[in-house]
Amino acid sequence: MLERSYEKFFRQNRLPHLWCPGCGNGIVMKAIVQAIEKKSGWTQDNTIIVSGIGCSSRASGYMDFDTLHTAHGRAIPFATGIKLARPDLNVVVITGDGDCTAIGGNHFIHGCRRNVDLTVILFNNNIYGMTGGQASPMTPLGKKATTAPYGSIDRPFDACKLAEAAGATYVARSTAFHVQHLVKMIEDGLDNAGFSFIEALVQCPTAYGRRNKIGEPAKMMAWMRDNAVMKNVWDKLPDDKKIGDKFPIGLFYKAETETYDEAYHHVIEMAGGAAK
Amino acid sequence: MSARLMQGNEAVAEGALKAGVRFFGGYPITPSTEIAESLAKMLPQVGGTFIQMEDEIASMGVILGASLTGKKVLTASSGPGISLKQELIGYAAAAEIPVVIVNVQRVGPSTGQPTAPSQGDVMQARWGTHGDHSIIVLSPWSVRESFDLAVKAVNYAERFRTPVILLMDEIVGHLRENVELPETVEIYPRRTPKISRAEGYEPYKPDADLVPNVANFGEGYHIHVTGLIHDETGFPVGSPKITREFIKRMHEKINIAADEIIEVHEEFMSDADYAVVSFGGTARTAYEAVLNARKRGVKVGFVRLITIFPFADKIIAELAKKVKGIVVAELNYGQIVNEVERAAAGQCKVQLCAKYDMTIFEPEEIEAAIDEVSGNA
Amino acid sequence: MKSEFTLKLDRCKGCGICVAFCPKQVLALDTLGKVYVAHPENCIACGQCELRCPDYAIFVDKLKQEAADKK
């Protein structure tokens, strides 16, 4: 067998990972390292992986870089500190729907607003998986969770719209089914100088799929295949076709704006501290 | 260097900078804001970074991230802000990340009395975050000492890889004094790995002093840092043995150096039959009360805790052996008095002199307590 | 055989994703729930199985023509 080059980005002694059979997190974790591999100049020594708490955030432990498994919701502030202290380092954040949009919601919008040069990848499994299936701010309306036994009545966030409105300069979505597309979306996010946000839909067969009778992992992925619509196609769809479970994937927003680290460097220059 | 008029909060900023702090994350809150304001101006002048974060938790998070790259870091807050910071103070303890937190105390609980002085956060400083953890708490009584203890706090954070709390109060934070600050100070450098990755480096393997030499991010060590209980490799382990060893080491790395860390300021103790124990801004009033009482012939000594935690157990035990009574003066309903009673272990009378009404002590109030304990009342 | 399979069975959790998305029904799960190559002759080396395996347990390489002939 031809050895897969991305395997060097994993801590081999930590695999197999702890995620449930059929969990989509492993697919996204591989997509991230494949995207990093494509970036010239990004090495295991100058790239830092920062994660929060939850299923998604256990990814950092498997990735062979300097890795930081922070507290629940707090990955973005920690990552901001790393990037501002060492602007030469590349910083990637791994988070989940609960981690990023509930307990970390404030940090998320302010990270977007500042446009710190981070790439944030949200593993959206629509549920709190690690704690056994409670409703998150991204659980769709009507879907069941242990804390929404009659179906969720809390209107869910569209994290991509939230990121764009808050000032992120790269916003994209993909899914665990669309692996090559996902790699490309992450890769382009890594390329963007500024706050990049990629929502990656992942199936959670154990805590979400089972309770909502969606079926086995492959069926959940087939749902992604059948309902995801590429952005350029989506934009041309009449409103009466944007119905049911259909949702857009692809690049939603991109802008060129000075990053926070660049802006702060000007502050240092004005203050006369550039040579120090 | 010529003398300058400055407040305690500004002296903290000066001290931190002198000790090598190059990163500050904060959130505005009275009465600590001047620390952030000073550093917003000064840090970029030395190529450092100041950032105002969206909340107190993020202010902790951002400095923890910066500290992991090797920067010396600081945050400052008061009351409700310190409550919010507790989560990541625990993270700093568990992941052993050097960090200094300044708490300019105000009246609580909750929003309390925002600009009024208090010393009500003493036990929070020790046990505010959940779980067993390490911490060092220092409390200055003057502007110059605010500078000195800021330096010391930064050095202790680095040496023990632990959160250090500089426990100010509004009295000292907003006190203005003419001070002369030293040009240079002693600096404890960031600990560095002694062996390479190839030689089997483990980031959380403790050195002889029980403190690990955790590599900085971006230096090729590929370390993993987590708030989960971990073994010497840094990876989480669900083992009773590792958990026990981990929690024990958290405490012992401070305990074995306690005699060195604990600093107490004593005066008029050679002939003392009684003593007033105090700390921070309150000690300024206690000092005057002691002078007044001595003028009246009461043999009372002055004992000021500079290091609040680890607590001066041995010193207080010795004191209790020597004197007939101790007055503990503090601006709260009674917190450090419990530590004093525990250490005194019934060897002498311990009398609380408490105040919790937004105002600072009058010397007469402490004198009255001295008279009460000495039977002169 | 046009392709060569490598299975890292210690990583396989038997989720069945590779089985479901194989366009030629080459793969199946055994009694113990691990993947095995049931119909290697049908494999077109499209790589769909490897692409979506969340556990990095299955790898498929297209064999060069000579190597395939030798087999």
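Lettering follows sequence order; numbering is per chain, from 1.
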**Q** Sort C/Val19 into side chain, backbone, both or neither according to what part of it lies under 4.5 angstrom from a heavy atom of chain A.
**A** neither

**Q** Please tell me if the side chains of A/Glu216 and C/Ile17 come closer than 4.5 Å, counting only heavy atoms from C-beta onward.
**A** no

**Q** Is there a side-chain contact (heavy atoms from CB on, under 4.5 Å) between C/Lys62 and A/Leu2? Walk through the geometry before answering.
**A** CA-CA 10 Å; C/Lys62 201 178 272 188; A/Leu2 190 69; over 6 Å; no

**Q** Which heavy atom in C/Cys15 sits nearest to a heavy atom in A/Pro217, and how many Å separate them?
**A** O-CG, 4.0 Å

**Q** Does A/Lys144 have more than 12 heavy atoms from other residues, nucleotides or ligands lying within 6.0 Å of its NZ?
**A** no

**Q** Given that the side chain runs from C-beta out, which part of C/Phe59 has a heavy atom under 4.5 Å from chain A: side chain, backbone, both or neither?
**A** both

**Q** Indicate the atoms forming the closest heavy-atom contact of A/Gln180 with C/Leu51, along with that distance.
**A** OE1-CD2, 3.6 Å

**Q** Over all heavy atoms of both residues, which pair between C/Ala20 and A/Ala218 is shortest? Give the atoms and the distance, please.
**A** CB-CB, 3.2 Å

**Q** C/Asp55 versus chain A, heavy atoms under 4.5 Å apart: side chain, backbone, both or neither?
**A**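 When you check distances to chain A, atoms from both the backbone and side chain of C/Asp55 fall under 4.5 Å.
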
**Q** Hey, what do you get for NZ (A/Lys30) to CZ (C/Arg52), rounding to the nearest 0.5 Å?
**A**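 Here the rounded value is 10.5 Å.
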
**Q** Please flag which part of A/Glu3 lies under 4.5 Å from any non-hydrogen atom of chain C: side chain, backbone, both or neither.
**A**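 When you check distances to chain C, only side chain atoms of A/Glu3 fall under 4.5 Å.
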
**Q** Please find the pair of heavy atoms, one from C/Pro54 and one from A/His17, that lie closest to each other, and give the distance.
**A** O-NE2, 2.8 Å

**Q** As an exercise, state the distance from CZ of C/Arg11 to CG of A/Leu15, rounded to the nearest 0.5 Å.
**A**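 Rounded to the nearest 0.5 Å, the CZ-CG separation comes to 5.0 Å.
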
**Q** Does C/Asp61 reach the side chain of A/Arg4, with side-chain heavy atoms less than 4.5 Å apart?
**A**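 Result yes, sub-4.5 Å side-chain heavy-atom pair found.
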
**Q** Please determine whether the number of non-hydrogen atoms from other residues, nucleotides or ligands lying under 6.0 Å from atom NZ of C/Lys24 exceeds 12.
**A** no

**Q** Against chain C, work out which of A/Trp19, A/Tyr6, A/Phe177 has the most heavy-atom pairs shorter than 4.5 Å and name it.
**A** A/Phe177

**Q** With a 4.5 angstrom heavy-atom cut-off, could you sort out which part of A/Met29 is near chain C: side chain, backbone, both or neither?
**A** both

**Q** Does the C/Tyr56 side chain pair with the main chain of A/Gly26, one donor and one acceptor, at a distance under 3.5 Å?
**A** yes

